[in-house]
Amino acid sequence: MGDPNTPPGNQVFENATNVTITDAGAAVTSEVTVSGITGNAPAALSVGVDIKHTYRGDLVIDLVAPNGTAFRLKNANSSDSADNVITTYTVNASAVPANGTWKLKVQDVYSADTGYIDSFKLAF
């Protein structure tokens with residue numbers, strides 16, 4: 001809603017509040033509350049992720065639907081030493097209700113590098 005990069009008719013729900021990712025610690029979440037969408041989420045739900053991190057291979061990323069269903073977006077990969085995860089994932093979320101609180105769950109599973117969730121958005 002208002003993002004010039006979003007095709008007309010799409011509704012975008014975004015959380016741009018930074019969330020610090022604990023180094024080799026417990027998972028953290030960024031939440032987006034979706035409302036006004038009829039029925040289930042789409043088969044091609046667009047999940048925009050902007051995570052600043054000094055070693056992206058440390059990160060495990062899941063999208064958690066309002067009903068608790070988790071969709072794995074990214075596994076850890078100890079040989080992926082590049083910085084940051086700035087990408088859009090497509091998730092088949094057609095089996096879960098659209099409305100409710102969606103969570104981007106991020107866990108740093110190796111020590112020595114740090115970062116934060118910069119923003120996360122869903123486009124319906």
Side-chain angles (χ1 to χ4, degrees):
M1 293 172 25
D3 183 340
N5 299 321
T6 302
N10 281 1
Q11 285 190 278
V12 175
F13 300 86
E14 181 172 12
N15 184 342
T17 302
N18 292 351
V19 178
T20 300
I21 300 167
T22 308
D23 188 28
V28 299
T29 59
S30 177
E31 298 181 354
V32 170
T33 300
V34 173
S35 63
I37 305 290
T38 303
N40 286 354
L45 176 63
S46 177
V47 184
V49 174
D50 186 344
I51 297 174
K52 305 300 195 282
H53 196 276
T54 52
Y55 199 106
R56 70 182 178 203
D58 287 5
L59 302 177
V60 175
I61 305 172
D62 293 297
L63 176 68
V64 182
N67 69 356
T69 301
F71 301 94
R72 177 60 45 98
L73 301 178
K74 180 189 169 307
N75 286 308
N77 177 351
S78 61
S79 62
D80 184 359
S81 63
D83 290 349
N84 307 331
V85 179
I86 303 171
T87 191
T88 300
Y89 297 97
T90 301
V91 172
N92 181 350
S94 61
V96 300
N99 291 330
T101 301
W102 292 77
K103 297 176 185 177
L104 184 72
K105 181 175 139 186
V106 180
Q107 184 170 13
D108 182 333
V109 297
Y110 300 108
S111 63
D113 292 275
T114 59
Y116 61 95
I117 301 169
D118 195 9
S119 67
F120 140 66
K121 66 182 173 182
L122 299 174
F124 288 82

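No hydrogens, no waters, no symmetry mates; every other heavy atom, side chains included, goes into these values. Here the structure is a predicted model, which is why all the values come from computation and not from measurement.
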Subject >> Separation between CG of Leu73 and CG of Leu63, rounded to the nearest 0.5 Å >> reply: 5.5 Å

**OP:** Please name the residue in the list Leu104, Val12, Leu45 that meets the side-chain contact (heavy atoms from CB on, under 4.5 Å) test with Leu122.
**Re:** Leu45

Subject >> Euclidean distance, Asp108 CG relative to Tyr116 OH, rounded to 0.5 Å >> reply: 15.0 Å

Subject >> Derivation of the side-chain contact (heavy atoms from CB on, under 4.5 Å) call for Thr29 and Val19 >> reply: CA-CA 7 Å; Thr29 59; Val19 178; over 6 Å; no

Original post:
With no hydrogens and no angle check, is any side-chain donor or acceptor of Asp23 less than 3.5 Å from a backbone partner on Ala112?
Top reply: yes

Original post:
Of all residues at least two apart in sequence or in a different chain, which pass the salt bridge (charged side-chain N to carboxylate O under 4.0 Å, His left out) check with Asp80?
Top reply: Arg56

Subject >> Cluster overlap Val96 with Ile37, hydrophobic side-chain contacts below 4.5 Å >> reply: yes

Subject >> Same apolar cluster: Tyr110 and Val60, side chain cutoff 4.5 Å >> reply: yes

Original post:
Any idea which heavy atoms bring Ala41 and Ala93 closest together, and the distance?
Top reply: CB-O, 3.4 Å

Original post:
Is any side-chain heavy atom of Ile21 less than 4.5 Å from a side-chain heavy atom of Gln107?
Top reply: no

Subject >> Straight-line distance of Asn77 CG to Tyr55 OH, nearest 0.5 Å >> reply: 7.5 Å

Original post:
Less than 4.5 Å apart, any side-chain heavy atom of Val28 and any of Thr22?
Top reply: yes

Original post:
Would a 4.5 Å heavy-atom cut-off, applied to side chains only, mark Lys74 and Tyr89 as touching?
Top reply: yes

Original post:
Looking at Pro66 and Trp102, what are the two nearest heavy atoms and their distance?
Top reply: CD-CE2, 3.3 Å

**OP:** Return yes if some donor-acceptor pair links the side-chain N/O of Asn84 with the main-chain N/O of His53 below 3.5 Å, else return no.
**Re:** yes

Subject >> Cluster link Phe71 to Val32, ILVMFWY, side chain under 4.5 Å >> reply: yes

Subject >> Distance in Å, Asn15 CG paired with Ile117 CD1, rounded so as to fall on 0.5 Å steps >> reply: 8.5 Å

Original post:
To the nearest 0.5 Å, how far apart are CD1 in Ile51 and CG in Asp83?
Top reply: 13.0 Å

Original post:
Going from OG1 on Thr33 to CG on Asn99, what distance comes out if it is rounded to the nearest 0.5 angstrom?
Top reply: 10.0 Å

Original post:
Given the rule in the side-chain contact (heavy atoms from CB on, under 4.5 Å) test, do Ile86 and Lys52 qualify, once you have shown the distances and angles that lead to the verdict?
Top reply: CA-CA 8 Å; Ile86 303 171; Lys52 305 300 195 282; 4.2 Å; yes

**OP:** Tell me, with the steps shown, if Val47 and Thr90 meet side-chain contact (heavy atoms from CB on, under 4.5 Å).
**Re:** CA-CA 6 Å; Val47 184; Thr90 301; over 6 Å; no

Subject >> 4.5 Å side-chain heavy-atom contact, Glu14 and Ser119 >> reply: yes

**OP:** Assign the ring pair Phe124 / Phe13 to parallel, tilted or perpendicular, where the plane angle (0 to 90°) is split at 30° and 60°.
**Re:** perpendicular

